[in-house]
Amino acid sequence: MSKKENVFDAIIIGTGIAGLNAAASFGKDKSVLLVCKQNSWDCNTFYAQGGVAVAVDEEDVYSHIKDTIEAGAGLCDKEAVEIMCSDGRVAISDLISRGFQFDKDEMGNLLYTKEAAHSKNRILHAGGDATGRYIHHFLMRENPHRLLYNSIVTDIFIEDGFCHGVRVFHKEEFRNYYAKSVIIASGGVGSIYEYHTNASSISADMQGLCIEKGFDLQDMEMMQFHPTVFIHNKGARKQLLTEALRGEGAHIVDEKGKRFLFEYDKRGELSPRSMVSHAINDWKSKTSHEVYLRCNMFDEEFFKNRFPTIYFNLRDLGFNLPYDDVPISPAFHYAMGGIKTDINGKIPGVENLYAVGEVASTRVHGANRLASNSLLEGLVFSRRAVNDILKKDLYFRIKEFPKDEEILKKEIDKELKNELRSLMWEAAGITREETKLQKALEKIESMLKKDIGKLLRLRLNTSRNIVKSAIYREESLGAHYIIKKGDT
Ligand code: SIN
């Protein structure tokens, strides 16, 4: 361990499942600095309800691969999927052997539930619908490393094909931290959309920074919208209603009680989520009907125990579940695209910079992520990144970088951020049209020319990349649904 207190073996940006599991994988004897923007729990892992998908036995690995590739609509990297599905079993056994408790039946057998587009029940869950929160809590309790709260990473130092460290804004001052390796695990892009299910600090800035450093993002048009979200609560993050509800029998109905999803796909409520989101949107605009999630087929006691987060959160919002229908809308949920990495999470062109979890793109999710594969991805690829780093035993000579002051926020930013959110929702949302995308691109370019703070600029860089990628992909694929001229 270095004697200098701002020098570490590794710096990890983000404290969701990928960041915390990477920290755990380094072991206690490495010096690791974890950096998070606000509180450690302000991450998407914390709000993940459904669970973790994992093959139930060796034989099921093949069908987990097949389901993932089918949902991914031809854009998956087969090797990455094979790694996730086979190493996933080891990652889950490892988590259990470290003491994590998934939900079990009275006999002590693990309980597996079903979610859309899975060919069998293979979703493990904890605390009913609090899987992400339980895993986050567990990993935080395990974490032996230093954690810097309320710290925004404003720069990464790249020189001669090597990442030397990061600049952080903490307690009203800029600080430089250096390390042998840096792992970006900062999550997706939720805050650039008007309606989303993400933690409030997830705002696409590391993706935007990587663009400025010359690294590639890939598949950024592939944005996933969760079909069942209650969007009328206050606050930026909207209330997710897990897929597991539909997996276990809930229905989607319109105000006349019609289960209209069957007009779009014979799998009805269990169609892939891109299909369900599109169908809800389409039905609402065709019929002007409100659409609801109906849970009245569940026994109340069962519902309360199996879905306590939803039961209590919705009760606070005035719903008596499982009896009341809940109005739903699709909302932005997950970015399949991200910083391009190899299958060890390494960013091409730089020796010691890695990206894992939602911020990264190994193409494991292709054009449409299979439900509950993201927590598994976070576990598997964070471990691979750390193994790759440890194998290399990287040479390290500190190169000091200037402690430049940067203007992170300006007066005008707030208004533009709100404008950006509705622009992205309208133009790069569930359904896209080229003319709308072109207009959005012009608008983003003009915002980028204004006198704005750095954090908004980074968000805009990422948004521009999403819009350009959506324009570039002229045919619909997976989560990217584009209406062409002449289509009705
Ligand atoms: C959910 O619980 O429906 C979300 C699961 C996921 O995003 O994979």
Side-chain angles (χ1 to χ4, degrees), residues 16-18 43-54 64 67-68 71-72 81 84-85 88 92 102-103 111-118 121-136 187-190 193 195-199 202 222-231 237-250 252 269-277 280 293 295 303 306-311 313-314 326 328-336 338 357-358 364-380 478-479:
I17 193 167
C43 60
N44 286 345
T45 297
F46 190 82
Y47 297 105
Q49 293 180 350
V52 191
V54 67
H64 190 194
D67 292 348
T68 301
V81 177
M84 179 181 70
C85 297
I92 293 299
F102 285 104
D103 293 339
L111 285 167
Y112 292 92
T113 190
K114 189 168 170 66
E115 289 181 358
H118 283 274
N121 289 26
R122 64 164 78 90
I123 320 291
L124 289 171
H125 46 89
D129 58 1
T131 313
R133 182 152 49 91
Y134 274 46
I135 293 180
H136 188 264
V189 306
Y193 280 99
Y195 301 109
H196 67 81
T197 60
N198 288 192
I202 304 295
M222 297 306 174
M223 296 288 136
Q224 187 168 67
F225 297 84
H226 197 289
T228 54
V229 182
F230 177 73
I231 61 166
R237 190 176 60 78
K238 301 303 174 193
Q239 178 63 52
L240 180 68
L241 298 157
T242 178
E243 294 238 342
L245 284 162
R246 279 177 288 130
E248 296 187 25
I252 289 178
E269 278 85 3
L270 294 181
S271 318
R273 60 174 65 162
S274 60
M275 179 72 75
V276 180
S277 292
I280 292 174
L293 190 68
C295 301
F303 191 92
R306 175 67 185 90
F307 301 107
T309 310
I310 292 170
Y311 180 84
N313 286 353
L314 269 289
V326 182
I328 48 164
S329 160
F332 172 79
H333 186 57
Y334 187 89
M336 269 81 67
E358 189 176 349
V364 76
H365 305 303
N368 192 20
R369 178 177 61 91
L370 186 65
S372 287
N373 267 352
S374 51
L375 294 178
L376 192 68
E377 178 205 10
L379 286 175
V380 168

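Counting starts at 1 for both ligands and their atoms, following the listed order.
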- prompt: So which protein residues pack against ligand 1 under 4.0 Å, heavy atoms counted?
  reply: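 Lining ligand 1 at under 4.0 Å, by heavy atoms, one finds Q49, G50, H226, T242, E243, R273, H333, R369, A371, S372.
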With H365 via ring pair (Phe, Tyr, Trp, His ring centres under 6.0 Å) - residues at least two apart
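H365 satisfies ring pair (Phe, Tyr, Trp, His ring centres under 6.0 Å) with Y334 only.
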Does R237 count as lying over the ring of Y47, i.e. NZ or CZ under 6.0 Å from the six-ring centre, within 45 degrees of the axis?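 Yes, a cation-pi geometry.
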>> Under the rule for salt bridge (Lys or Arg N to Asp or Glu O under 4.0 Å), what residues qualify as partners of E243, not counting sequence neighbours?
In response: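 E243 satisfies salt bridge (Lys or Arg N to Asp or Glu O under 4.0 Å) with R246, R273 only.
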| field | Test salt bridge (Lys or Arg N to Asp or Glu O under 4.0 Å) applied to D67 - qualifying residues, sequence neighbours left out | value |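 Once residues adjacent in sequence are excluded, the partners of D67 under the salt bridge (Lys or Arg N to Asp or Glu O under 4.0 Å) criterion are R122.
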| query | Closest approach of A367 and M336, non-hydrogen atoms and distance? | reply |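 The answer is O-CE, 3.4 Å.
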If only atom types and distance count, is the side chain of T131 paired as donor or acceptor with the main-chain N or O of Q49 below 3.5 Å?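 Yes; at least one donor-acceptor contact below 3.5 Å.
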